[in-house]
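Numbers restart at 1 for each chain; the letters A, B, ... are given by sequence-line order, proteins then strands. The structure displayed is predicted, hence computed values, not measured ones.
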Number of protein chains: 2
Amino acid sequence: MGMGRPREFDAETALDQAMEVFWRHGYEGATIAQLTEAMGINPPSLYACFGNKEGLLKAALDRYTKLRGVWMDEVVAAPTAREVAERMLTGIADRQTDPANPPGCLLVQGGIACGTGSESVPFELATRRAQNEDQLRDRFVRAKAEGDLKPTSDPAALARYVSAVSVGMGVMASSGSDREALQQVASVAVQAVEAQSADGK
Amino acid sequence: MGMGRPREFDAETALDQAMEVFWRHGYEGATIAQLTEAMGINPPSLYACFGNKEGLLKAALDRYTKLRGVWMDEVVAAPTAREVAERMLTGIADRQTDPANPPGCLLVQGGIACGTGSESVPFELATRRAQNEDQLRDRFVRAKAEGDLKPTSDPAALARYVSAVSVGMGVMASSGSDREALQQVASVAVQAVEAQSADGK
DNA sequence: CCAGATATGTAGTGTTCGCTACAGATGTGG
DNA sequence: CCACATCTGTAGCGAACACTACATATCTGG
């Protein structure tokens, strides 16, 4: 028994194109026609490879969070909580206004609200954002244990805060805010982390 | 010439119901069927009164921002920049988790991204958020002039920052974060404004 | 009570959506 | 070269969408 005709497109390349469409238009705003055109394939190929529209989104999210995870590892590798926050927020400002990608963050742009029948999409995005927050929290827990953060500080609250600012910056970026505006936000936001640092700066 | 049959529903009451549907499902996620059912009317009445779906959204946004404006006036009436930020952010935490409303903020939930043909919706929401930011900025400009904020502080950046945190909290609320979690974020966020206050607290 | 004007409920319209049946193309194992 | 398996393109499926035609009902002005 043979192995069948091989597929004529590269799945990861196609996924990158799909990711960009979801990123720009959101889950519900992206149509199969737009996706297939961007991916350079026809609907049957899409469904054979990814199951359905939601499966394609999840695959795109996997790819997005994988790429982002590499960067996040660098972020939490910073020596102090303050520098973690600074790397994170200034990096967010740069990345979310990088003309190579759609503005904002796929985990926000993808869909905060969805119609009946797609309630799992916002949940899926929220789960991925929460993973990011967890990674930050773990890093801040360590910072507190190391005496880098004040003994009175709340690492979980700090992580939630940095995560919230990141999300807010993503919305601003998608609404047209430029890199400079986001850098200003990052600059102010870091000061709240400084206030929780043992050396106060 | 007569004045015709009077409408049998109250426009503002119906608008409140429509606002809640948009708030919960977003612009694209909300269907005319859901809207008319919530409003207790039939499609022709909706179109006669509001023009089309986008007109209904704008009317709902007008009502939302009007109600919110009353509260914002109280916020900026606080005596110091720090207290303005505190009232704003703790109030956001309370309001966005108020069980009387859908979670989050209509200006965020309404739609960050939209499909082709509805690009004006995200723009409309962004414009309303910008108005809020302008109001904050004006207040912080005054605070700086009054010596309440440091001479080196940037009122526009501070306003952008508070606005960004508010938006981030809105996304968190819609993803299931409870009041306490948002209050923690608010509590941390205020410290950045404190750092820009002349008395440092 | 009548004529004009506006609102209402029923029952659709055309379009677009996500998705797929099907036939032909292209590969592998024997 | 043949049976089989998988992919590809065309063409279109049923459902849901925003929106509306139309007949009927309810008002005002005369």
Under 3.5 Å donor-acceptor pairs involving side-chain atoms of residues 167-175 of chain A, not counting sequence neighbours:
| unit_1 | atom_1 | unit_2 | atom_2 | d |
| --- | --- | --- | --- | --- |
| S174(A) | OG | Q109(A) | OE1 | 3.0 |
| S174(A) | OG | V171(A) | O | 2.8 |
| S175(A) | OG | V171(A) | O | 2.8 |
| S175(A) | OG | R129(B) | NH2 | 2.7 |

- Task: Show the numbers, then the answer: is there a salt bridge (charged side-chain N to carboxylate O under 4.0 Å, His left out) between R87(A) and E83(A)?
- Result: CA-CA 6 Å; R87(A) 274 195 205 179; E83(A) 283 177 88; 5.4 Å; no
How long is the line joining [atom1] of [X] and [atom2] of [N], in whole Å?
| X | N | atom1 | atom2 | answer |
| --- | --- | --- | --- | --- |
| L46(B) | dC17(D) | CG | C1' | 14 Å |
| E8(A) | dG9(D) | CD | C1' | 10 Å |
| R7(B) | dC27(D) | CZ | P | 15 Å |
| M39(B) | dA7(C) | CE | P | 14 Å |
| L35(B) | dC19(D) | CG | P | 11 Å |

- Side chains of Q183(A) and D94(A): do they bring a donor and an acceptor to under 3.5 Å? yes
- Message: We want to know whether Q131(A) and T65(A) form a side-chain donor-acceptor pair, criterion being a heavy-atom distance below 3.5 angstrom.
- Response: no
- Message: Just N and O in the side chain of S45(B): are any of them under 4.0 Å from OP1 or OP2 of dT8(C)?
- Response: yes
- Item | salt bridge (charged side-chain N to carboxylate O under 4.0 Å, His left out) partners of residues 112-126 of chain B, not counting sequence neighbours, each pair once | E124(B)-R128(B)
- Query: So does R5(A) reach the base of dC7(D) with its side chain, donor to acceptor, closer than 3.5 Å?
  - Reply: yes
- Specify the angle, to 10°, made by the local axes at the two ends of the helix from dC1(C)-dG30(D) to dG30(C)-dC1(D) when five pairs are taken at each end. 10°
- Test side chain to side chain contact (heavy atoms under 4.5 Å, CB included) applied to D138(B) - qualifying residues, sequence neighbours left out: none
Could you go over nucleotides 14-21 of chain C and give all protein N or O partners under 3.5 Å, atom names and distances?
| unit_1 | atom_1 | unit_2 | atom_2 | d |
| --- | --- | --- | --- | --- |
| dG18(C) | OP1 | A30(A) | O | 3.2 |
| dG18(C) | OP1 | K53(A) | NZ | 2.8 |
| dG18(C) | OP2 | I32(A) | N | 2.9 |
| dC19(C) | OP2 | Y47(A) | OH | 2.9 |
| dC19(C) | OP2 | K53(A) | N | 3.0 |
| dC19(C) | O5' | Y47(A) | OH | 3.3 |

Please list, one pair per line, the donor and acceptor atoms closer than 3.5 Å that link side chains of residues 67-75 of chain A to other protein atoms, with sequence neighbours excluded.
| unit_1 | atom_1 | unit_2 | atom_2 | d |
| --- | --- | --- | --- | --- |
| D73(A) | OD1 | Q135(A) | NE2 | 3.1 |

- Task: Quick one: do D134(B) and R137(B) satisfy salt bridge (charged side-chain N to carboxylate O under 4.0 Å, His left out)? Show the steps, please.
- Result: CA-CA 5 Å; D134(B) 288 344; R137(B) 188 201 56 211; 3.4 Å; yes
